[in-house]
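Atoms within a ligand are numbered from 1 in the order they appear, just like the ligands themselves.
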Amino acid sequence: MFQLTRSVTWQALKELQKTTADDRISDYFAGDPDRFDKMSLRVGGLFLDYSKQPVSDEVLETLIELAEHSALVQRRAQMFSGDIINVTEDRPVLHTALRNLGEGPLKVDGKDVMPEIQRTREQIKQFSEAVRIGEWKGFDGRRIKAVVNIGIGGSDLGPNMACRALLKYRHPELSFHFVSNVDGAHIQKVLSGLDPATTLFIVSTKTFSTQETLLNAHTARRWFLDNAGEDADVGAHFIAASTNKAAAMAFGIREENVFEFWAWVGGRYSMWSSIGLPIALSIGFEGFMELLEGAYEMDQHFLSAPFAENMPVLMALIGIWHINFQGAETQAIVPYDQALHQLPAFLQQLDMESNGKSVDIFGHPVDYKTGPIVWGQTGSNGQHAFFQLLHQGTRYVPIDFIASLKPEPGVEDHHFALLTNMLAQANAFMEGSLKGEEGSGSRPDPYSCPGNRPSSVLLLDELTPRNLGALIALYEHKVFVQGVIWNINSFDQWGVQLGKRIAGEISEHIDARSQDFDASTQRLLALVRGHFTPPDREPNGGKEAKGEGARPRRKKRQA
Ligand code: F6P
């Protein structure tokens, strides 16, 4: 059996970690005037500068060897061609098919899936245009003015992030709102001030069994019926994006208003599917297609570029150097672009739900680190929140800076300040501050910054649908490459099913003194019980909630 950590290349990288441990990144520049040109590359409207990363030429060459000795070429071909690479769920992984603009069939179980993908795209086109031009009317004949997406995880984060990022392209007479948390305060805040007669709800849920989404959907429907319409009117105000048409129709959504997608699209990879409906409604179908085209162009780059010039592969390998050899536990995402303020949250699910695994594809425990903790916030705000730790703390935190070059008209001065702040920070992280620059004298200088702290800068020419699509596909493929090298399944998420199941068990015991839980949970349940009486409506948002993840009660663990 292949042992990654015993491979020659892995051992060579371990040796290189030792021999380069005292290198300073800034010395690499001093020793090589061509470093920037060698360690930067452009793909379409994206430019990546990774020259401030702590990698010597030899380290980079050896990392590329690691990729070449991995199953990357084969697994990449398998993914794009629809082979079953999600082995624990026995599914292909074909989010790339959703943006496939090439010719030729793509077969799943012997059936070409491109016709149904194109059919759903046409359904999205027709529907989004009907709503945007006012042809789609609410029950009292008025056009839709507010769109509320009800979903969580991949059924929220992707469309939410994209709608926010592309706000300047938004239809001027439509407002967009996203409800995800089961905390009633979330839906109450969103619904307050909306007119049910001109509000369209999109129930976005791959399985149509997620407790939070169903509870929110039922509450939205009750709000609609209490404040405006009749049962017969629900069809004009509720649509669904789901793989579970039957459950959507049982909720009261008309069959023709269920925008289907498929089991071989992972939730965190689904914004290219009908889960992306809010994006098409907001920026128009043409804009949505540009988003897909940008992702498709990145797919083609990922498929064809040699590893040494392959943006997703290089980002993945630098991440592996940080995580498996430099001891990084986290990866910071710092967009210097307020329109991208939801990007860190999106990338958090994409990366951590994909590569937060501790067994390989054969179910054997791994003996190396896998997915990092992904976190972040926009700059320049981060400079006033956590940059102190990044500059002078005891932790090693690689940073991805992301920005768009083109300023918005009227605020060019702000944009110049934004970008110069970012460049200054990336430089300061690398150079640090010399002794005495901020402090004084020969005493130990608490004021100086050690520097030698790693970052990459990723520049978009402009934040357009095309470049955003390429950016998201870039990170999808970076996560995929790391998963292949770590030999894990990046496309299942059994860890979240456990939580869903226990939540169901606990909510069923809220009024029983169950001995099935630990003393802490029992006592906390008693506190919770004392503070409210469960609402009369069914727990978990209705019978369809007994979907995936609902299992018979757990037997108490033997002491
Ligand atoms: O977080 C677990 C998860 O299954 C995600 O993978 C998914 O995006 C989210 O819950 C929502 O699931 P659904 O779209 O089925 O409601």
Inset, instruction - Measure V496 to ligand 1 on non-hydrogen atoms and call it side chain, backbone, both or neither using the 4.0 Å cut-off. - result: side chain

Inset, instruction - Under 4.0 Å, heavy atoms only, figure out whether ligand 1 is touched by the backbone of K500, its side chain, both or neither. - result: side chain

Legend entry - Smallest separation among heavy atoms of R121 and L98, with atom names: NH2-O, 2.8 Å

Inset, instruction - Indicate whether the side chain of T88 and that of N489 have a donor and an acceptor atom separated by less than 3.5 Å. - result: yes

Legend entry - Pick from T210, T243, I152: the one approaching atom 16 (O) of ligand 1 most closely through a non-hydrogen atom: T210

Legend entry - Options R268, Q493, E353, Q497, ranked by nearest heavy atom to atom 6 (O) of ligand 1, top entry: E353

Legend entry - Any N/O pair S204/ligand 1 closer than 3.5 Å: no

Inset, instruction - Can you pull out the closest protein heavy atom to atom 15 (O) of ligand 1? Residue, atom name and distance to 0.1 Å, please. - result: T207 OG1, 2.7 Å

Inset, instruction - Number the atoms of ligand 1 from 1 as they appear, then name those within less than 4.0 Å of a heavy atom of G154, with their elements. - result: 7 (C), 8 (O)

Legend entry - Geometric class of the F224/F139 ring pair [parallel <30°, tilted 30-60°, perpendicular >60°]: perpendicular

Inset, instruction - Specify whether F238 and F251 have parallel, tilted or perpendicular ring planes, treating 30° as the upper limit for parallel and 60° as the lower limit for perpendicular. - result: tilted

Inset, instruction - Could you tell me whether ligand 1 has any atom less than 4.0 Å away from a heavy atom of Q349? - result: yes

Inset, instruction - Starting from the C-alpha separation in whole Å, work towards a yes-or-no answer on side chain to side chain donor-acceptor pair (under 3.5 Å) for Q331 and W375. - result: CA-CA 6 Å; Q331 170 68 52; W375 63 286; over 6 Å; no

Inset, instruction - Quickly, which of E293, E297, E290, E476 forms a salt bridge (charged side-chain N to carboxylate O under 4.0 Å, His left out) with R99? Name it, please. - result: E476

